[in-house]
Every structure is written in structure tokens, then in C-alpha cells.
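These numbers come from a predicted model, not from an experiment.
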Amino acid sequence: SYYFVFILAPLCVACIAAVEPLRNRIPVALIAAALVAPSLAILADERTDVLANQRALISEVHRIFPQPVAYFDHPGMLSGYAKRNGFMTPWGMKGYVASGVPVYAAAMEREPVPLLLINWWVFGALGDPENDIFLPADTAALRENYVQVAGPIFVAGRDIAVGDPPRVTRFLVPGPYTVLGGPVDIDGQVRRAGEIVEIERGEHRLTPAGLTDARMIWGRHPDLPTHDRLNGAIWTRL
């Protein structure tokens with residue numbers, strides 16, 4: 001679709017050379033009908049719910065992050081927000097792997113990147129420890145630093161389940177984190193649900209501190225959607 005935007009105008013001009021001789025032999029209305037028919041056939045087969053799903057996704061991101069933040073995603077879905085990874089075409093991803101540079105982890109080291117949109121199939125490779133789509137350092141950084149909020153929206157955070165052993169985890173997204181659910185012991189200090197904790201980039205020790213699962217989410221009391229809010233398709237023909 002992105003290529004279509006760039007090629008349409010010069011293609012229309014180029015078509016003049018073919019259409020002009022036809023005007024003397026075929027009625028213009030018939031030529032127009034022949035050009036419009038394929039578009040109508042494609043339009044009839046399009047899913048009408050996808051655009052609404054895309055708008056709902058963008059609306060929820062704006063609700064969680066009223067002020068623009070840096071983020072990772074496939075196509076650059078958020079206007080006004082700073083995309084910090086390259087356009088994830090097959091060619092682009094092969095070049096990224098060939099370079100050997102973990103650009104995701106590097107971006108997170110430079111500045112806070114609190115949002116990850118899993119809006120393309122290649123992100124499924126993050127669940128495979130032997131994937132060859134992302135470099136190992138990036139796979140580890142993305143897995144460890146984000147939790148799913150709703151649908152494709154992942155926000156910087158941690159889940160701490162009751163019964164989990166204490167763990168040391170490396171935060172690559174510094175900033176304010178809100179504690180949700182149950183209490184959690186962070187670096188030896190118990191934090192209750194609703195508290196805001198300033199987390200610096202680096203390693204921190206997390207331990208369950210109650211009888212309820214806890215979650216740490218980046219931001220100051222972010223307005224989060226329900227978990228099942230965004231389950232619709234956001235692309236057609238996949």
C-alpha cells in the first residue's frame with residue numbers, strides 16, 4: 001500500500017500514452033468502466049471493520065500516552081510519535097540482521113521507549129528463542145521490558161506473579177512506573193498498588209510482596225483499556 005501512494009501519480013500520466021489512441025475507437029464511458037471495474041471488485045471484497053479497528057487502536061494509544069512518546073512498530077502507525085526502529089520490510093529486516101547491530105536495545109539505551117506496537121506478523125518471532133528475524137540482544141530486550149496491555153499494545157513494564165522467586169531484571173526504559181494489583185518489593189522496599197516508583201535504567205530486584213499478582217506499568221496512573229478491548233484485525237488480506 002505504501003508503494004501504491006508513490007507510483008499512482010506517474011502511472012496515471014504514463015497511461016495517457018495507451019488511453020489516448022483508444023479514445024478515437026472506443027467510447028470514453030466504456031474506457032472509464034473498464035478502469036473502474038477492478039477497483040470496485042477489490043473494494044467489494046475489503047473488510048469494513050479494519051479501519052474502525054485501526055482508529056480504535058490509535059485512540060487507545062493516545063489515551064494511554066496523552067503526550068507523544070518514542071515507540072517501536074512496523075509501519076509508523078502513530079503520527080506525531082517518534083518511531084525508533086526502521087521500516088520492517090523483509091529487505092529492511094535482512095539488512096538489520098546482516099549489520100549485527102541491535103538497534104532496538106541501542107535505541108532503548110539512548111532514550112526511554114515506553115511503547116511497543118505488535119502490529120506485524122514478524123513480531124511473533126519474539127516468542128521463539130531460536131528466531132533469526134531479530135538479533136538476540138534485541139529479542140531479550142523486547143521480551144523483558146514490555147508487557148501486553150490490550151491487543152497489539154505493549155507498554156514498558158513487568159509482571160510479578162504470586163509465588164515467583166525474586167528476580168533481578170534489567171530495565172531499559174527508565175521513568176515513572178505505577179504499581180497495579182498487589183504489592184511488590186522493589187530493591188528491598190515494598191511498594192503498594194497505586195504507588196508511583198521512579199525506576200532508573202539498570203538492574204533492579206523484584207519480589208512478590210503479597211497474595212495478589214502485581215504489575216508495574218510505565219507512566220503515572222496511565223488510563224489503560226481493558227485487556228480484551230482491541231482484538232480485531234488491523235490489516236486486510238493477511
Who passes ring-ring contact (aromatic ring centres under 6.0 Å, His included) against F72, sequence neighbours left out? Y104
R205 backbone acceptor or donor facing D187 side chain under 3.5 Å: yes
In one Ile/Leu/Val/Met/Phe/Trp/Tyr side-chain cluster, 4.5 Å: F134, W121: yes
Verify the neighbour count for atom CD of Q67: are there more than 12 heavy atoms of other residues, nucleotides or ligands below 6.0 Å? no
Between the CD1 atom in I199 and the CZ atom in F171, the distance rounded to the nearest 0.5 Å is 5.0 Å
Rounded distance (nearest 0.5 Å) linking atom CD1 of I186 with atom NE2 of H204: 9.0 Å
Do the side chains of V190 and I217 join up, straight or via other hydrophobic residues, at under 4.5 Å, putting them in one cluster? no
Quick check: does any side chain N or O of W235 sit under 3.5 Å from a backbone N or O of N119, one acting as donor and the other as acceptor? yes
Contact summary for A70 and P112, nearest pair of heavy atoms: CB-O, 3.6 Å
Among pairs that include at least one residue of residues 135-158, which meet side chain to side chain donor-acceptor pair (under 3.5 Å), considering only residues two or more places apart or in two chains? Y96-D138, N131-T139, E144-T169, N145-R158, R158-T169
In sequence, state the C-alpha distance, the side-chain angles, and the governing distance for R220 and E198, and then conclude on salt bridge (Lys or Arg N to Asp or Glu O under 4.0 Å). CA-CA 10 Å; R220 298 179 180 276; E198 289 289 338; 2.7 Å; yes
According to a hydrophobic-cluster definition based on side-chain heavy atoms being under 4.5 Å apart (Ile, Leu, Val, Met, Phe, Trp, Tyr only), do I58 and V50 belong together? no
Identify the two heavy atoms, one from V69 and one from P114, that lie closest to each other, and give their separation to 0.1 Å. CB-CG, 3.7 Å
Decide yes or no for N85 and V113: does some side-chain heavy atom of the first lie under 4.5 Å from some side-chain heavy atom of the second? no
Which word best sums up how the rings of H62 and Y81 line up, parallel for under 30°, tilted for 30 to 60°, or perpendicular for over 60°? parallel
What's the spacing between L35 CG and L30 CG if we round to 0.5 Å? 10.0 Å
Could you check whether atom CG of L211 has more than 12 heavy atoms from other residues, nucleotides or ligands sitting under 6.0 Å from it? no
Give the minimum heavy-atom separation between V184 and T207, together with the two atoms involved. CG2-O, 3.5 Å
Quick one: CG on N53 to OG1 on T48, what's the gap to the nearest 0.5 Å? 9.5 Å
To the nearest 0.5 Å, what is the distance between SG (C15) and CD1 (I31)? 11.5 Å
If you group Ile, Leu, Val, Met, Phe, Trp and Tyr by side-chain heavy-atom gaps below 4.5 Å, do F123 and V97 land in one group? yes
Passes side-chain contact (heavy atoms from CB on, under 4.5 Å), I153 versus L117? Steps please. CA-CA 5 Å; I153 300 177; L117 288 183; 3.9 Å; yes
Flag the pair L57 / P152 as yes when at least one side-chain heavy-atom distance between them is below 4.5 Å, and no otherwise. yes
N/O donor-acceptor pair under 3.5 Å between T178 side chain and H221 backbone: yes
Between K83 and H74, is there a donor-acceptor pair closer than 3.5 Å when you use the side chain of the first and the backbone of the second? yes
Between R170 and E109, does any side-chain N to carboxylate O distance fall below 4.0 Å? yes
Is R201 reaching over with its side chain to a backbone N or O of M108, donor-acceptor style, under 3.5 angstrom? yes
What distance do E60 atom CD and D223 atom CG have between them, rounded to the nearest 0.5 Å? 8.0 Å
Are I64 and P225 packed together at the side-chain level, in the sense that at least one heavy-atom pair is separated by less than 4.5 angstrom? yes
For A137 and A105 the tightest heavy-atom approach is O-CB, 4.3 Å
Do the side chains of R55 and L51 get nearer than 4.5 Å, heavy atoms only? yes
Going only through I, L, V, M, F, W and Y residues with side-chain contacts under 4.5 Å, is there a path from I42 to V36? no
Just say parallel, tilted or perpendicular for the rings of W218 and F65, cut-offs at 30° and 60°. tilted
In the structure I gave you, are the side-chain heavy atoms of R192 and V179 within less than 4.5 Å of one another anywhere? no
Donor-acceptor under 3.5 Å (D213 side chain, V162 main chain): yes
Distance-minimising heavy-atom pair for P68 and G80: CB-O, 3.3 Å
So which heavy atom on A125 is nearest to which on I133, and how close? CB-CD1, 3.8 Å
